[in-house]
Amino acid sequence: QDLADDADYAQQPVSKNESGKGSGNVVYAKDNVSIHPTQYAFERINGRLRLIKQGSSLFMTWIPYKARILNSKISEKDRNLYTIRAVPLAEVRSIRRHTPPLGWQYIIIVLTSGLAFPPLYFYNGGVREFLGTLKEHAFLVRSAEDANVFLVNDIQDPLQKSLSSLELPGAVPVANSASHIEGSLPSIESTEEKIRHDSHHKHSGGLKTVDQHQRLRDPARDISIHVLEKFSLVTKFARETTAQLFGENDGSEAYVPKLDGQPSSKSERVESSVESQPPSSSDPVQHNESTLVWGKPRLPPLGIEEWATFVDSEGRVVDSKALRKRIFYGGIEHNLRQEVWKFLLDYYKFDSTYAERDYLASTKKEEYRTLKAQWQSVSPSQAKRFSKFRERKSRIEKDVVRTDRCLPYYAGDDNPNVERLRDILITYSFYNFDLGYCQGMSDLLSPILFIMEDESEAFWCFVALMERLGPNFDRDQNGMHSQLLALSKLVEFLDGPLHNYFRQADCLNYFFCFRWILIQFKREFDYEKVMRLWEVLWTHYLSEHFHLYMCVALLKRHRKKIIDEKMDFDTLLKFINELSCHIDLEATLRDAEALCICAGDTGSACIPQGTPPSLPI
């Protein structure tokens, strides 16, 4: 498809020509075009991408800024490995453009030799302008097989252009700009010899080799297969490169592209199980329920046998980070939660032994009895002169009889578990008299008591949780306001159009997300999924504010409906409340993970230090 009539890639205005060094003329220049030298999103090298016209030839360069290797341990000497110096456009076979629904646009440039440069990220936009400038100075066609692949070469005949760009059998360079196809096809031996020769040809720019070893059976009879292989190669390379960038890799497995479709490493098997991303649109609002290409699939819950591998003979957790990562991606089996939750809630220390934990449990049980006896010893006559105690006790008694009564554990009249729920909350109001009791605390305690069963252990785990979430219930609501402000900044950073709509609708206070944050999505999922979500949040694996990225992911998933229906605050609040028990937890976790990785350090900077549920200082 010729781009002449393409609305998305019509001729774009370019900056006023700069004077290039030597006799070249700069026809395009874009600052802050970046590459990522490692798989970590926060490590990047910024530079300037330029197209230079010299005579009838066009050259592309990307030069890193001097001493501007951001957040990276790469030395100045190694910087030259990532420099792209004067690559003729005649050597460029295709350009793969990618516009993920979450993140930034990037392109991958594949040379006629089969080598590819690392992805070039346009953090300030400019991909359209880049392609528009190319169209002015070269023949640029959009692939009929993949709308995001653009074929580039300097041959004048359109048919010969497409064939030579794909390096199909029978497509050979034409001398003196005259288009013709030679009658004889290259033999398999000569083709393999060319591939071996090209694999030794080195280009600057830290090139990655794209495997070209193909089984060429009968080229004249099966050209269509070669066409599809070439397009699938570009698409696969783009997907794998993105997964390698945003996924986690310990460095032990190198990425080796394969054309046979058989994953040969663990990282390839994981990536191949991720759902494919739907075609991207130039309008970001069109992305509604798309699946992120780098979102990792969830794992099965942590079981007893696997848990034993994390603990040494004396009971210490040998690798707490690996354990938290494992729980983040899979959760915990129900029969193991009673033990592992105590570590996640910081009731047990990861380096404590079995003996130390037994001693802690016995001392804490006695301490709880003492605290509980304080309010139980208040006589009726004392209570008459103790208004704060009467008010809190009355609120707690009203709330507990309405908390999770549909569950068998709390169902029925005179249920002892409801009595224990009440006793723990009253005891906590004495333990933390300044904070006391607020509506919503019973929602947070209910799953903990359900898992722990022991009243003392449930109390101390609840105390540990409230060390993090206590500011949510402060009378001045500073804790909630700081989280809503951080959410506003994250949405503005990760989804500008949605944030602008909220500004127009006078919804920038984000109060419609109040319940999500206050009780950590307790009423948005069924009981089992709530417990699965909480143990993911408690790991603090990617961020101690992962719940805010969950909010962004949910808003982003429903953005199209919110904007199309022009929801005001009341309509939006009703819509958010009606999402309860209609949210796909696994998909939302994957979206939130990708958002968190995508935001990187900039996302962390959006969240003020000390914002709940950060660990207490």
Side-chain angles (χ1 to χ4, degrees), residues 40 248-252 299-371 424 428 431-432 444-445 447-471 520 531-547 593 596 604 609-617:
Y40 300 107
E248 285 212 358
N249 193 333
D250 58 7
S252 61
L299 301 176
L302 176 72
I304 294 178
E305 292 183 0
E306 188 178 0
W307 162 248
T309 64
F310 287 98
V311 182
D312 66 14
S313 59
E314 294 185 339
R316 299 181 184 88
V317 175
V318 293
D319 191 344
S320 61
K321 184 177 180 181
L323 175 63
R324 289 187 291 111
K325 178 181 177 180
R326 175 65 180 84
I327 296 171
F328 178 87
Y329 283 108
I332 308 167
E333 286 186 356
H334 181 74
N335 58 353
L336 191 58
R337 282 174 172 151
Q338 187 175 109
E339 182 175 4
V340 181
W341 274 24
K342 297 171 188 176
F343 289 95
L344 296 179
L345 289 169
D346 206 33
Y347 174 55
Y348 287 162
K349 302 300 180 184
F350 284 107
D351 59 353
S352 62
T353 63
Y354 293 126
E356 290 169 342
R357 294 197 287 271
D358 289 341
Y359 177 75
L360 176 69
S362 63
T363 57
K364 286 295 184 181
K365 189 179 292 291
E366 186 61 34
E367 189 176 350
Y368 175 70
R369 288 199 192 99
T370 303
L371 289 169
I424 292 173
Y428 181 78
Y431 173 81
N432 188 348
L444 296 176
L445 173 60
I448 295 177
L449 178 60
F450 172 71
I451 291 297
M452 297 301 160
E453 296 180 330
D454 181 81
E455 187 174 325
S456 170
E457 291 184 340
F459 171 80
W460 290 113
C461 286
F462 180 69
V463 167
L465 179 63
M466 293 305 293
E467 286 293 307
R468 308 179 190 184
L469 300 182
Q520 306 285 282
M531 293 188 290
R532 177 62 48 83
L533 171 61
W534 281 10
E535 57 203 17
V536 168
L537 298 179
W538 294 343
T539 63
H540 286 192
Y541 173 63
L542 287 181
S543 169
E544 61 185 15
H545 301 102
F546 192 73
H547 66 298
E593 175 200 354
C596 186
S604 300
Q609 188 174 5
T611 298
S614 60
L615 291 172
I617 300 176

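The aromatic rings of Tyr348 and Phe343 lie perpendicular to each other, with more than 60° between the two planes, well past the 30° mark.
Residues satisfying the side-chain contact (heavy atoms from CB on, under 4.5 Å) criterion with Asn432, sequence neighbours excluded, are Tyr428, Asp434, Leu435. In terms of the side-chain contact (heavy atoms from CB on, under 4.5 Å) criterion, Ser313 has no residue partners (sequence neighbours excluded).
In terms of heavy-atom proximity, Thr611 sits nearest to His545 at O-NE2, 2.6 Å. The two residues Glu333 and Pro301 come nearest to each other via the heavy atoms N-CB, 3.6 Å. The heavy-atom pair separating Thr309 from Val318 by the smallest distance is O-CG2, 4.3 Å. Across all non-hydrogen atoms, the minimal contact from Leu336 to Gly303 is CD2-O, 3.6 Å.
One distance of note links CD1 of Ile424 with CG of Leu371; it measures 12.0 Å at 0.5 Å rounding. Separation of atoms CG (Asp312) and CG (Asp319) is listed at 12.0 Å; rounding is to 0.5 Å. The CG atom of Leu542 lies 10.0 Å from the CZ atom of Arg324; values are rounded to the nearest 0.5 Å. One finds the CG atom of Leu360 at 9.5 Å from the CD atom of Glu367 (value rounded to the nearest 0.5 Å). Here Glu306 contributes atom CD and Ile304 contributes atom CD1; the two are 12.0 Å apart, rounded to the nearest 0.5 Å.
Side chains of Lys325 and Thr539 form no contact here, defined as non-hydrogen atoms less than 4.5 Å apart. Side-chain contact between Leu344 and Ile327 is present, with at least one heavy-atom pair separated by less than 4.5 Å. Glu535 is not listed as a side-chain neighbour of Phe328, based on a closest heavy-atom distance of 4.5 Å or more. With contacts defined as side-chain heavy-atom distances shorter than 4.5 Å, the pair Val317/Trp307 qualifies.
Salt-bridge formation is not detected for the pair Lys342/Glu339: no Lys NZ or Arg NE/NH1/NH2 atom is positioned less than 4.0 Å from an Asp or Glu carboxylate oxygen. Checked for salt-bridge contact, Arg468 and Asp346 miss the test: no charged N lies under 4.0 Å from a carboxylate O.
Under the 6.0 Å cut-off for aromatic ring centres, Trp341 and Trp534 do not qualify, their centroids lying 6.0 Å or more apart. Proximity of the aromatic rings of Tyr541 and Phe546 is defined here by a centroid distance below 6.0 angstrom, and this criterion is not met.
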Take Lys321 and Arg326 through the test side-chain contact (heavy atoms from CB on, under 4.5 Å) and record every step on the way to the result. CA-CA 9 Å; Lys321 184 177 180 181; Arg326 175 65 180 84; over 6 Å; no
Report the C-alpha separation of Phe459 and Lys364 in whole Å, then their side-chain angles, then the decisive distance to 0.1 Å, and conclude whether the side-chain contact (heavy atoms from CB on, under 4.5 Å) test is met. CA-CA 10 Å; Phe459 171 80; Lys364 286 295 184 181; over 6 Å; no
Stepwise side-chain contact (heavy atoms from CB on, under 4.5 Å) test for Trp460 and Tyr431: CA-CA 11 Å; Trp460 290 113; Tyr431 173 81; 4.0 Å; yes
Verdict with reasoning, Leu302 to Leu323, per side-chain contact (heavy atoms from CB on, under 4.5 Å): CA-CA 9 Å; Leu302 176 72; Leu323 175 63; 3.8 Å; yes
Would you sort out whether Glu356 and Lys349 count as a salt bridge (Lys or Arg N to Asp or Glu O under 4.0 Å), showing the intermediate values? CA-CA 10 Å; Glu356 290 169 342; Lys349 302 300 180 184; over 6 Å; no
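For the pair Arg357 (side chain) and Ser352 (backbone), a donor-acceptor distance under 3.5 Å is present. Side-chain N or O atoms of Gln338 include one that pairs as donor or acceptor with a backbone N or O of Ile451 at under 3.5 Å. Under a 3.5 Å cut-off, the side chain of His547 and the backbone N or O of Leu537 do not form any donor-acceptor pair. For the pair Thr370 (side chain) and Glu366 (backbone), a donor-acceptor distance under 3.5 Å is present.
Using a 3.5 Å distance cut-off with no hydrogens or angles, the side chains of Tyr368 and Glu455 do pair a donor with an acceptor.
Counting non-hydrogen atoms of other residues, nucleotides and ligands closer than 6.0 Å to OH of Tyr354 gives a total above 12.
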